[in-house]
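Notes to accompany the following structure.
For clarity, every value in this text was computed on a predicted model and none was experimentally measured.
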Amino acid sequence: MTEHDAQPTAQRDQAHNATGDDVVRNDAGQDTSRPDTGRPDTGQDAGQDTGQDNGAQVSTGSETAGAPEAAIPELVIISGMSGAGRSTAAKCLEDLGWFVVDNLPPALIPTMVELGARSQGNVARIAVVVDVRGRRFFDNLRESLADLDTRGVTRRIVFLESSDEALVRRFESVRRPHPLQGDGRIVDGIAAERELLRELRGDADLVIDTSSLNVHELRAKMDAQFAGEEEPELRATVMSFGFKYGLPVDADLVADMRFLPNPHWVPELRPYTGVNEEVAAYVFNQPGAKEFLDRYAELLRLIAAGYRREGKRYVTIAIGCTGGKHRSVAMSEKLAARLAAEGVETVVVHRDMGRE
């Protein structure tokens with residue numbers, strides 16, 4: 001697959017969206033609001049998707065005498081052949097917590113580093129995707145790299161490579177022209193790009209040949225280089241919902257709580273929700289409720305291990321009942337607490353609570 005048109009990307013929030021009357025709760029029970037960041041992982045070829053602080057210091061013009069100097073962010077420059085997987089590599093770093101900018105003009109890289117240094121540690125790692133879509137590519141890039149060297153910025157270049165045959169197959173599969181082919185053939189564009197990138201490839205700190213890699217294998221290689229010794233984190237959103245309002249479109253897993261008696265038919269419980277202790281006690285005193293929680297949590301441990309192996313970072317677990325007010329809410333709260341106790345970063349979203 002070819003690289004998509006220029007599109008800026010930024011570090012995403014780590015939870016899914018809650019819209020309308022959604023109530024979003026973290027593990028401490030506090031209400032929060034976060035934008036949607038779910039993105040599907042599609043395609044078979046690596047081209048279809050597509051640290052550590054260095055301790056250096058930089059002074060900026062806005063600093064006053066005696067003020068602490070700002071730490072220079074860690075910088076990775078991602079480049080390579082169109083269709084070789086630059087977007088996949090960038091998304092992988094983004095999932096690892098890097099601030100990612102796609103198709104940034106090379107002349108602006110030093111400015112981006114300086115802005116990161118002024119962020120008071122909020123932007124500690126920056127990844128920039130640069131490629132032949134930018135005009136005056138090499139002249140500006142060489143000047144920018146020289147500027148970074150004079151400032152003492154430690155940077156790495158990751159170069160994505162692939163065979164001509166693999167690149168042609170990916171471009172033809174999506175029926176898109178190569179950005180440099182002009183009126184010629186795809187192979188002409190590939191040859192022109194390869195010649196243009198020859199010097200940068202020689203300067204690269206890491207070259208990854210994606211000719212025979214799929215998306216997951218490329219992600220694994222990036223994880224091995226940039227995730228450090230820690231296992232990549234899995235972040236979960238546990239969402240309660242009411243079936244009468246429709247299934248959540250972003251759910252990865254769906255469980256149905258309608259096998260449990262409905263507290264709606266208990267007059268003294270009807271006005272309350274599943275976050276109420278009396279309602280939760282009623283739900284979990286029903287036959288099968290505790291057994292479901294134990295077995296579903298065990299199943300999720302198995303699924304989570306597989307998700308991590310496949311490079312999946314986010315999962316939305318939807319728990320439903322008729323109206324999304326009692327049973328699903330109580331089960332979502334308990335399940336989220338169970339996941340959090342096992343080290344999974346978890347957010348609870350009650351999508352339909354309060355809609356009735």
Side-chain angles (χ1 to χ4, degrees), residues 3 6-12 46-47 49-56 58 70-82 84-119 121-134 137-138 140-162 197 199-210 213 215 217-230 232-233 311 313:
E3 298 292 339
Q7 51 180 3
T9 60
Q11 184 176 3
R12 302 171 306 185
D49 282 347
T50 24
Q52 57 210 357
D53 293 337
N54 55 32
V58 62
I72 300 177
E74 183 178 358
L75 175 66
V76 167
I77 297 173
I78 300 173
S79 190
M81 299 296 295
S82 299
R86 294 186 307 245
S87 294
T88 297
K91 291 174 184 176
C92 182
L93 290 184
E94 192 172 41
D95 288 343
L96 292 173
W98 291 65
F99 186 91
V100 179
V101 183
D102 188 15
N103 199 26
L104 182 73
L108 296 181
I109 295 177
T111 302
M112 178 61 66
V113 172
E114 183 177 354
L115 291 174
R118 294 179 180 179
S119 70
N122 292 323
V123 182
R125 298 181 296 176
I126 298 175
V128 176
V129 182
V130 292
D131 52 61
V132 294
R133 290 175 292 176
F137 174 74
F138 267 115
N140 288 337
L141 182 57
R142 278 195 290 264
E143 293 173 3
S144 295
L145 294 179
D147 188 1
L148 294 172
D149 291 339
T150 60
R151 299 185 187 199
V153 177
T154 301
R155 41 81 176 172
R156 285 178 285 176
I157 299 175
V158 177
F159 191 94
L160 281 301
E161 175 66 278
S162 194
L197 295 172
E199 184 175 343
L200 181 63
R201 187 187 188 283
D203 293 336
D205 300 283
L206 174 64
V207 176
I208 301 177
D209 188 343
T210 68
L213 300 183
V215 170
E217 290 167 336
L218 175 54
R219 280 182 170 271
K221 285 183 174 292
M222 293 295 294
D223 282 343
Q225 291 292 327
F226 296 99
E229 297 181 358
E230 297 181 359
E233 294 183 357
R313 302 285 184 267

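- Applying the side-chain contact (heavy atoms from CB on, under 4.5 Å) rule to D147 yields the partners P110, T150, R151; only residues at least two apart in sequence or on another chain are considered.
- For the residue pair A89 and L218, the shortest heavy atom distance occurs at N-CD2, 4.4 Å.
- Considering I78, I208, D209, V207 in turn, V207 is the only one that fulfils the side chain to side chain contact (heavy atoms under 4.5 Å, CB included) rule with F159.
- Listed by chain and number, the residues in a side-chain hydrogen bond (donor to acceptor under 3.5 Å, both in side chains) with D205 amount to none (sequence neighbours excluded).
- The pair E217-K221 does not count as a salt bridge, with every side-chain nitrogen at least 4.0 angstrom from each carboxylate oxygen.
- Taken to the nearest 0.5 Å, the CG atom of L148 stands 11.0 Å off from the CD atom of E114.
- In this structure, CD1 in I126 is found 10.0 Å from CD in E74, a value given to the nearest 0.5 Å.
- Using a 4.5 Å heavy-atom threshold, the side chains of I77 and L200 count as separate.
- With hydrogens and angles disregarded, no donor-acceptor distance shorter than 3.5 Å links the side chain of S79 to the backbone of V129.
- Distance check, rounded to the nearest 0.5 Å: CG of L213 to CZ of R219 gives 13.5 Å.
- With values rounded to the nearest 0.5 angstrom, F226 atom CZ is found 6.0 Å from L206 atom CG.
- Under the 3.5 Å distance criterion, the side-chain polar atoms of T210 are left unmatched by any main-chain donor or acceptor of S162.
- Remark: R201 CZ to L160 CG distance equals 11.0 Å, nearest 0.5 Å.
- D203 is linked by a side-chain hydrogen bond (donor to acceptor under 3.5 Å, both in side chains) to nothing, counting only residues two or more places apart in sequence or in another chain.
- Interatomic distance, M81 CE to L197 CG, rounded to the nearest 0.5 Å: 6.5 Å.
- The only member of D149, V128, I109 that meets side chain to side chain contact (heavy atoms under 4.5 Å, CB included) when paired with R155 is D149.
- When each of L75, V123, V101 is tested with M112 by the rule side chain to side chain contact (heavy atoms under 4.5 Å, CB included), just one qualifies, namely V101.
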